[in-house]
Every structure is written in structure tokens, then in C-alpha cells.
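Following: one structure in C-alpha cells, then a few remarks.
Values below: all heavy atoms of this structure, side chains included; hydrogens, waters and symmetry mates excluded. It should be emphasised that the depicted structure is a prediction, and the values quoted were computed from it without experimental measurement.
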Amino acid sequence: MSAFDRLNRAFSQAPVLPLNLRSKYVLVSDCHRGIGTSSDNFLKNQHLYFAAMDHYYRNGFTYIELGDGEELWENRKMRNITEIHSDVYDMFARFEQKDRLYLIYGNHDIVKKKCPVYLEGIILRPESAPEKSLYLTHGHQASLLNSTFWRLARFLVRYFWSPLENLGILDPTSAAKNYEVKEKCEETLRRWAEESGHILITGHTHRPVLPAEPACYYNTGSCVHPRCITCIEISRGELTLVKWSMQARMDSLLYVAREVISGPVRLLGGQRQTPSTHY
């Protein structure tokens, strides 16, 4: 099965959610929540994540996680992760009580595909302009190793690359850590979107993308950047790439700041606006 076939399959039975000028979605990917050890990449940014999620909950956003929420290649049991990060799942429960929670699985938590709560893809569809529908998935489908042969990739990460990473040697097969693999993966995702005539939003490569010109491919980035988390907001028919990071006031008081780093890009209701930067 080709990468295009795998992407087509991801959306063949994907649920369709409404998208209009009143819709408010936040797209987050690649949290890689672990078990609280030095290998838990989520730990360093968890305070940023909670500040952001509290903001989105209070302001009526629907939370959509685009995969790799849990690090289940390095860790064996979901229970160990939920115990360490119980506050995350308490927040999820608050979103779910409002029917504002959707979870997509990625390659690092692909074992969750057996649970009907987790999805491979979601489509956000405007009734008035279905051609501007947004196709959401993790993006690992672009890689044969991370999709079809994910068990082999998991074995290599769990027993080979994860120990070496603690010594400073990065996994050369990872789209998040190897530039050439990242470029190849994003080019495959971009070509699928162009040839299928869809607007695709993924995670997986950890590189946030919201181009200055109207495009068919966007990327949320991740929650494991060295000093920030990134996500894509959808509100008032616009796409905005934002980052959450620690900032200092004039009196040296630290606070969590939300910063627009690209956009907004107009999707519905009028002319597109020119994004300001590309993170």
C-alpha cells in the first residue's frame, strides 16, 4: 500500500465535523506524554500546555489532538502514563463533558487504534464551501517504516535509539529529528494534498507550518519544542499558528504568553489575510 493509499484510507470513514464562522477548534499534536522520567519530553513544557489548555477550555474551543499524545514506543503501559499525567486526563474529561474533545492516534500511540475513542482522521467541512474542508491526521502515513512497519520502528526506538538518545545520538529514521526524513515526509504529505485537492493539516514532523501564501498543507508543530509549544487555532473562519512560551515582565515576573507566529489566514468568509511570519 502506497503512502497515498494510506492517507486515503485514513479519511475513508473519518467523522465529519462542522466548520463555520462560529467554529472554534485548537489543533495540538505530538505531546509525547511519558512516565515522568528524564526521557519524558512532555515534562519540560507541561506548565505551558496547561496554561494553553485552560485558555482554550475557558474560551469555548474544541480540542483536537493529532496523534502521538502518549509515548507508547518507549513505554509499554498506558496506565503508567495516565497515573503520572492524571491532570491532563482530568482536563480531557472537562472537554469531553462539553462534547469538545477528539483524539487522533499517531505512530507512537498507534496501539490505541483498537479503541473506538481514537480516530485516524477527522474532516472539518464547511457546508457552504465543502472544497475548503480541512483534513486532519497525524501524518505518519507518509512513512512506510512508521505506518506499515511500525512494530519494527517501535522495537528499534525502544531497545536501540532511545538508550542512544540519552547519550546524545539522535534517531536518523525519525521525521522529527532527521532533516532529510522530515523534508521527504512533508513533501509526500504536500503532494497528496495537492493531487487530491484537499487542505491537509498534520503533526508528526514537529515542524510548524503555516505558509505566507494560501496552501494545501499545514502543520501544528509539537508540544516538545525546547522552550515552547505550538498549535493551530481555527476561529472566525481563520487559521492561526501560535506558540505558548515563558516570558518575563519588566519587574522580572515570569508568565506564560501566547504569541501569534503566523497568520491569521482566511479560510471562510472573505479574502485571505497575509500571514506575518513562518516559525
- Query: If every non-hydrogen atom of Pro211 is compared with every non-hydrogen atom of Ala215, which pair is closest and at what distance?
  - Reply: CG-CB, 3.7 Å
- Task: Kindly check if the number of other-residue, nucleotide or ligand heavy atoms within 6.0 Å of OH (Tyr179) is above 12?
- Result: no
- Query: Any chance the rings of His32 and His206 have centres within less than 6.0 Å?
  - Reply: yes
- Message: Using the ring centroid of each side chain, check whether His85 and Phe42 are separated by less than 6.0 Å.
- Response: yes
- Query: Within the distance-only criterion (no hydrogens, no angle test), does the side chain of Ser252 pair as donor or acceptor with the backbone N or O of Ala248 below 3.5 angstrom?
  - Reply: no
- Between Glu96 and Asp99, is there a donor-acceptor pair closer than 3.5 Å when you use the side chain of the first and the backbone of the second? no
- Item | Nearest heavy atoms of Leu200 and Leu189, plus distance in Å | CD2-O, 3.6 Å
- Any chance CZ of Arg100 has more than 12 other-residue heavy atoms, nucleotides or ligands included, within less than 6.0 Å? yes
- Check: Thr137 side chain, Glu120 main-chain N or O, donor-acceptor pair, under 3.5 Å: yes
- Should the heavy atoms of other residues, nucleotides or ligands under 6.0 Å from CD of Gln13 be counted, would the total exceed 12? no
- Are Tyr159 and Trp73 close enough that their ring centers fall under 6.0 Å? no
- Ignoring hydrogens and angles, tell me if any N or O in the side chain of Asn75 forms a donor-acceptor pair with the backbone of Glu71 under 3.5 Å. yes
- Query: Given Leu134 and Leu267, is the side chain to side chain contact (heavy atoms under 4.5 Å, CB included) satisfied, shown in steps?
  - Reply: CA-CA 10 Å; Leu134 303 179; Leu267 182 67; 3.9 Å; yes
- Message: Is there a continuous path of hydrophobic side-chain contacts, each under 4.5 Å between heavy atoms, that joins Trp244 to Leu43?
- Response: no
- Item | Distance-only polar pair, side chains of Asn20 and Ser23, donor-acceptor under 3.5 Å | yes
- Query: Does the side chain of His204 pick up a donor-acceptor pair with the side chain of Asp30 at under 3.5 Å?
  - Reply: no
- Item | Worked check of side chain to side chain contact (heavy atoms under 4.5 Å, CB included) between Leu145 and Leu152 | CA-CA 8 Å; Leu145 180 62; Leu152 172 61; 4.2 Å; yes
- Please walk me through it: do Asn219 and Thr205 pass side-chain hydrogen bond (donor to acceptor under 3.5 Å, both in side chains)? CA-CA 8 Å; Asn219 195 300; Thr205 66; 3.2 Å; yes
- Given the side-chain rings of Tyr63 and Phe92, with only the six-membered ring counted for Trp, is the space between their centroids under 6.0 Å? yes
- So does Lys77 pair up with Glu70, basic N to acidic O under 4.0 Å? no
- Message: Does any part of the side chain of Phe95, heavy atoms only, come nearer than 4.5 Å to the side chain of Thr62, both counted from C-beta?
- Response: no
- Could you give me the CA-CA distance, side-chain angles and deciding distance for Ile110 and Leu72, then say whether side chain to side chain contact (heavy atoms under 4.5 Å, CB included) is met? CA-CA 8 Å; Ile110 198 170; Leu72 288 169; over 6 Å; no
- Message: Closer than 4.0 angstrom, basic N to acidic O: yes or no for Asp54 and Arg58?
- Response: yes
- Could you pull out the closest heavy-atom pair between Gly203 and Ser29, with the gap in Å? CA-OG, 3.5 Å
- Side-chain donor or acceptor of Arg6 paired with backbone N/O of Met1 under 3.5 Å: yes
- Can you see which heavy atom on Ile104 is nearest to which on Leu136, and at what distance? CD1-O, 3.6 Å
- Between Val157 and Glu74, does a side chain to side chain contact (heavy atoms under 4.5 Å, CB included) hold up when you go through it step by step? CA-CA 7 Å; Val157 166; Glu74 296 180 10; 3.9 Å; yes
- Flag, side chain of Arg266 to backbone of Leu268, donor-acceptor distance under 3.5 Å: yes
- Message: On a heavy-atom basis, which atom in Asn146 and which in Ala153 lie closest, and how many Å separate them?
- Response: OD1-CB, 4.2 Å
- Query: Is a side-chain donor-acceptor pair under 3.5 Å present for Thr230 with His225?
  - Reply: yes
- Message: Can you confirm if the aromatic rings of Trp150 and His140 lie within a centre distance of less than 6.0 Å?
- Response: no
- Query: Is the shortest side-chain N to carboxylate O distance from Arg191 to Glu194 below 4.0 Å?
  - Reply: no
- Message: Given 3.5 Å as the limit, does a donor-acceptor pair link the side chain of Glu183 with the main chain of Val181, or not?
- Response: no
- Test item: Asn45 side-chain N/O and Cys223 main-chain N/O as donor-acceptor pair under 3.5 Å: yes
- Message: I'd like to know if the side chain of Glu233 pairs up with that of Tyr56 as donor and acceptor (distance under 3.5 Å, no hydrogens or angles considered).
- Response: yes
- Nearest heavy-atom contact between Thr188 and Phe4 is O-CE1, 3.8 Å
- With ring centroids as reference points, do Tyr25 and Phe61 lie under 6.0 angstrom apart? no
- Task: Give the C-alpha distance, both sets of side-chain angles, the deciding distance and a yes or no for side-chain hydrogen bond (donor to acceptor under 3.5 Å, both in side chains) between Asn59 and Tyr57.
- Result: CA-CA 5 Å; Asn59 285 277; Tyr57 179 80; over 6 Å; no
- Query: For the side chain of Lys182 and the backbone of Ala175, is there at least one donor-acceptor N/O pair under 3.5 Å apart?
  - Reply: yes
- Worked verdict on Ser245 versus Arg227 for side-chain hydrogen bond (donor to acceptor under 3.5 Å, both in side chains): CA-CA 6 Å; Ser245 62; Arg227 291 173 296 278; over 6 Å; no
- Aromatic ring proximity Phe11/Trp192, centre distance under 6.0 Å: yes
- Taking Ser147 for its side chain and Ser143 for its backbone only, find out whether a donor-acceptor pair lies under 3.5 Å. yes
- Task: Count the heavy atoms belonging to other residues, nucleotides or ligands that lie under 6.0 Å from NZ of Lys98, then report whether that count exceeds 12.
- Result: no
